[in-house]
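Only one structure is covered here, and it is reproduced in the block below.
Because the structure is predicted, anything quoted here is derived from the model rather than measured. We count ligands from 1, going down the list as the structure has it; atoms in each ligand are counted the same way.
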Amino acid sequence: MRRPLIAGNWKMHFTVPEGLEYALQLRRDLEPYSALVDVVIMPPAVMLWEIANALRGCAIEVGAQNAGWEDQGPFTGEISPKMLAGWCHYLLIGHSERRQLFNETDEELNRKLHAGLRHRLKVILAVGETLEEYDAGRTAEVITRQLNAALYGVELRQATDLSIAYEPVWAIGTGKAATPDYANETMGLIRGLLQSPFGALASQIRILYGGSVTPANARSLLEQPEIDGGLVGGASLKPGEFTRIVQATAEVLQSPRV
Ligand code: PEP
């Protein structure tokens, strides 16, 4: 069985002292759920090291929201997976904000994914269609392109270090989450696509849903068989809400799935 994973993407929020204080609060609040649910928080890069140290010895892991693909060199403003290796656990790539606002291409994401895996980071690859693509009925086509391009050349042995986040762009930060059925159906498609590079290992890869997850809708989403967790933006900034999402995840695990 796949262990659920709740990932909190803090985006560009909090000062270093605020982020540290919040991380310490999560350390206390999430302790009761640590045996059931994997949790990763992804603070801005400037506070990542400090927070990783503050969380040492507890079950919450940390992740970077982005990294380049080179190990080092003249890349002003960039951080590398090599710098994260050994103490940072996860790396998020392909978030729609990176694709849209920073013009990251499928080809660049493929290079980032390889660099992350090479340095033994657990990579969360985000994919998802825009509203325009959704309206045009192009979801399957878009997801297929994004997945195939990003995963090109990934080896079978690396499959277990990979998770996919399905994030319909129209659901991110809008308060309009996808319906559980729609999310589950698209995530089923994603799992099918994972079979081509990874065969039977596809069934071990976690697929998260992202897009306006809240304590109110977490349960109905997580009850779906293909939904192994959530990538949470806005609600991850509020300690009470994030904790309630983790709590709902633990409760779903303890009751039969639909
Ligand atoms: C996100 O940015 O990945 C996200 C899912 O944001 P939100 O939860 O605010 O929709």
Here's a test for you: under side chain to side chain donor-acceptor pair (under 3.5 Å), which of K122, R3, H89 qualifies with D38?
R3
Within the 4.0 Å heavy-atom shell around [X], which atoms of ligand 1 are there?
X	answer
A171	10 (O)
L231	3 (O), 5 (C)
G211	5 (C), 10 (O)

Nearest neighbour in protein (non-hydrogen) for atom 2 (O) of ligand 1:
K11 NZ, 2.5 Å
Can you tell me which residue and heavy atom of the protein come closest to atom 3 (O) of ligand 1, and the distance to 0.1 Å?
E167 OE2, 2.7 Å
Is the closest N or O pair between [X] and ligand 1 shorter than 3.5 Å?
X	value
S212	yes
G173	yes
G233	yes
G234	yes

Hey, is A235 one of the residues with a heavy atom under 4.0 angstrom from ligand 1?
no
Between [Y] and [X], does any NZ, NE, NH1 or NH2 come within less than 4.0 Å of an OD or OE carboxylate oxygen?
X	Y	answer
R138	E141	yes
E70	K82	no
E223	R219	yes

Counting only heavy atoms not in R118 (residues, nucleotides, ligands), do more than 12 fall under 6.0 Å from its CZ?
yes
Within the 4.5 Å heavy-atom criterion, are Y90 and V62 side-chain neighbours or not?
no
Using 30° and 60° as the class limits, which term best fits the ring planes of Y182 and W170: parallel, tilted or perpendicular?
tilted
